Protein chains: 2
Amino acid sequence: MVFLHKNNKFYKANIMNPISKAEENHLKAIFNLCEEFSKPASTNAIAKIMKTKAASVTAMIKRLSEKHPALVNHQKHKGASLTETGKKIATNLIRKHRLWETFLVEKLNFSWDEVHEIAEELEHIKAEKLIDRLDEFLGRPKFDPHGDPIPDAKGNFTFRKQILLTELAAHKTAVVVGVMDDSPSFLQYLDKLNLVLGAKVKILERIEYDGSNRILLNDKQEQILTNKVCQNLYVKTL
Amino acid sequence: MVFLHKNNKFYKANIMNPISKAEENHLKAIFNLCEEFSKPASTNAIAKIMKTKAASVTAMIKRLSEKHPALVNHQKHKGASLTETGKKIATNLIRKHRLWETFLVEKLNFSWDEVHEIAEELEHIKAEKLIDRLDEFLGRPKFDPHGDPIPDAKGNFTFRKQILLTELAAHKTAVVVGVMDDSPSFLQYLDKLNLVLGAKVKILERIEYDGSNRILLNDKQEQILTNKVCQNLYVKTL
DNA sequence: TACCATTTTTAGATTAATCTAAAAAATATT
DNA sequence: AATATTTTTTAGATTAATCTAAAAATGGTA
Ligand SMILES: [Mn+2]
Ligand SMILES: [Mn+2]
Ligand SMILES: [Mn+2]
Ligand SMILES: [Mn+2]
């Protein structure tokens, strides 16, 4: 099979055509945006995630569709979404990312605010056997250090009944299981508050004035959490 | 500071100018060639290692010297060598490569013939903390799965009195500590012969006719090793 | 020393991934 | 519906990393 390329040049559509790092990152961005908003990912939104410009995204999507047909769906001005094959690839990247993060925290003693950047690079290492072995070595973890689900080799995510801490009823108790915002600054702040995964939180009082919450942490420590903090913390009721 | 570029364009010499993967691989190739032959690395030799063409190497060396002055020494037609700074970078790459290989074999149960390719990619992950933690996690190993020394964080290699099996005197006993050729085919063949690192070898007879050797393996198994095999095996006398 | 083979460099192209500026299309606001 | 704003695409450049073909330099040999 041959594909028409710009300037009327042809090139073979090599089945082994490897997906580049930039292409992989774009696929992941499109996947995440489509998941979050349940609609095609806009050029601008992708550019923001990729820290590039809209024009670069348009060019990338064009190149992607030509080089690897059957990964991305795209109509001019209508945004991009992934085909099933594209989703498989994106899911596998997320799997790799989260497994590496888990490795860094569990085995190399990194803290949860340090691992994202490194995993962002490690996820692009292409060796299926490596990731299978890593998964096994880590004991086939179901969640990463931020509480995000790690898809299995087939791409299946584990779902968990979780709510935001803002949604937890007053006087109820729950356990911190994840974060919505995984920026280093938020994670570091959570560390300072001892609000790590597994922490037990009881809502003592919800303050109407500003939506802040008086909580009891791990059955002993009383403190105030702003609404913003609670809005970014996932908990699971006991 | 500014550097003149082709077409009389200028560009800023950014101190944070990151070294690309291709540049790193070239530095490593130059380092290895200079170590092996104790003279500047020729364009052709580098191209062979890099699996590119001589013209590409010339271009790369030019770009390297412009973008990162103080890494490579190069005079036209005289080959390339590394400055002290260049050697530091190459040594650190070798450190990363060998630590990752060790990780793959020791922790993820890869065999010694499978790890080179993967480490060739992993070595380019830029995170000093990662490699320090990995080193610690592995117990600060001094040698990789092929018996090659792993430089420490300062770039110091551990030296070891080792000889080729061809140099071992008849009737002497020694332990296999490394390989000269680390191609998968040789390594797989060694596995088949049970000639793994740590194997005990006694030269029973050196056959003059073709340089082959009758050996006793691990005090019990007698077999013939061709000269070529012995030429690629490092041993340490007891 | 002059010639020849080999090695290295230069010249000119190509592709991937980005950019800025301008044009075009879509969307929102009077 | 007309106009203004925002978003997306196109046009045109740039840089890194490679290639092939041709030119130039080097080194060995007659
Ligand atoms: Mn990434
Ligand atoms: Mn994560
Ligand atoms: Mn490499
Ligand atoms: Mn090795």
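The structure displayed is predicted, hence computed values, not measured ones. Lettering of chains follows the sequences in order, A, B, ..., and the numbering in each one begins at 1.
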Candidate pair Arg63(B) and Glu66(B), rule salt bridge (Lys or Arg N to Asp or Glu O under 4.0 Å), full reasoning: CA-CA 5 Å; Arg63(B) 214 167 337 109; Glu66(B) 277 167 8; over 6 Å; no
Residue pairs fulfilling salt bridge (Lys or Arg N to Asp or Glu O under 4.0 Å) with at least one residue in residues 30-56 of chain B, sequence neighbours excluded: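 Found none.
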Contacting residues from residues 22-39 of chain B, given that a heavy atom lies under 4.0 angstrom of DNA chain D: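 Heavy-atom contacts with DNA chain D come from Ala22(B), Glu23(B), His26(B).
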Selection: residues 42-52 of chain A, any non-hydrogen atom under 4.0 Å of DNA chain D: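 Going residue by residue through residues 42-52 of chain A, the ones with a heavy atom under 4.0 Å of DNA chain D turn out to be Ser42(A), Thr43(A), Asn44(A).
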Sole candidate of Val235(B), Thr166(B), Leu164(B) that passes side chain to side chain contact (heavy atoms under 4.5 Å, CB included) when paired with Cys230(B):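 By the side chain to side chain contact (heavy atoms under 4.5 Å, CB included) criterion, Cys230(B) pairs with just one of Val235(B), Thr166(B), Leu164(B): Thr166(B).
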Counterpart residues, salt bridge (Lys or Arg N to Asp or Glu O under 4.0 Å), relative to Lys129(B) (two or more places apart):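 Only Glu114(A) meet the salt bridge (Lys or Arg N to Asp or Glu O under 4.0 Å) criterion with Lys129(B).
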Candidate list Glu121(B), Glu123(B), Glu120(B), test side-chain hydrogen bond (donor to acceptor under 3.5 Å, both in side chains), partner Lys21(B), passing option: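 Looking at Glu121(B), Glu123(B), Glu120(B), the match for Lys21(B) under the side-chain hydrogen bond (donor to acceptor under 3.5 Å, both in side chains) is Glu121(B).
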Stepwise salt bridge (Lys or Arg N to Asp or Glu O under 4.0 Å) test for Asp210(A) and Lys228(A): CA-CA 10 Å; Asp210(A) 58 2; Lys228(A) 193 170 175 197; over 6 Å; no
Six-ring centre of Phe103(B), Lys107(A) cation under 6.0 angstrom, axis tolerance 45°: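 Ring-cation test returns no.
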Rounded to whole Å, please give me the gap between [atom1] in [X] and [atom2] in [N].
{"X": "Lys78(A)", "N": "dA26(C)", "atom1": "NZ", "atom2": "P", "value": "7 Å"}
{"X": "Ile19(B)", "N": "dA17(D)", "atom1": "CD1", "atom2": "C1'", "value": "16 Å"}
{"X": "Leu64(B)", "N": "dT15(D)", "atom1": "CG", "atom2": "P", "value": "17 Å"}
{"X": "Lys53(B)", "N": "dT7(C)", "atom1": "NZ", "atom2": "P", "value": "15 Å"}
{"X": "Met60(A)", "N": "dA17(C)", "atom1": "CE", "atom2": "P", "value": "4 Å"}
{"X": "Asn17(B)", "N": "dA16(D)", "atom1": "CG", "atom2": "P", "value": "8 Å"}

Proximal nucleotide (of dA16(C), dC19(D), dT9(C)) relative to the Lys67(A) side chain: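 In terms of side-chain proximity for Lys67(A), the closest of dA16(C), dC19(D), dT9(C) is dA16(C).
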Ala119(A) versus Glu101(A), closest heavy-atom pair with distance: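 Minimum heavy-atom separation between Ala119(A) and Glu101(A): CB-CG, 3.5 Å.
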Nearest heavy atoms of Leu130(B) and Trp100(B), plus distance in Å: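 In terms of heavy atoms, the two residues are closest at CD2-CZ2, 3.8 Å.
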Does [N] have OP1 or OP2 sitting under 4.0 Å from an N or O in the side chain of [X]?
{"X": "Arg63(A)", "N": "dT15(C)", "result": "no"}
{"X": "His77(B)", "N": "dA23(D)", "result": "no"}
{"X": "His68(B)", "N": "dA16(D)", "result": "no"}

Sidechain-backbone polar pair: Lys67(A) side chain, Asn17(A) backbone, donor-acceptor under 3.5 Å: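 No, Lys67(A) side chain to Asn17(A) backbone: no donor-acceptor pair under 3.5 Å.
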Residues in ring pair (Phe, Tyr, Trp, His ring centres under 6.0 Å) contact with His97(B), at least two apart in sequence or another chain: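 Partners of His97(B) under the ring pair (Phe, Tyr, Trp, His ring centres under 6.0 Å) test: His116(B).
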Check the interface with nucleotides 10-12 of chain D: list each N/O to N/O pair with the protein under 3.5 Å, or write none.
residue : atom : partner  : partner atom : Å
dT10(D) : OP1  : Lys76(A) : NZ           : 2.5

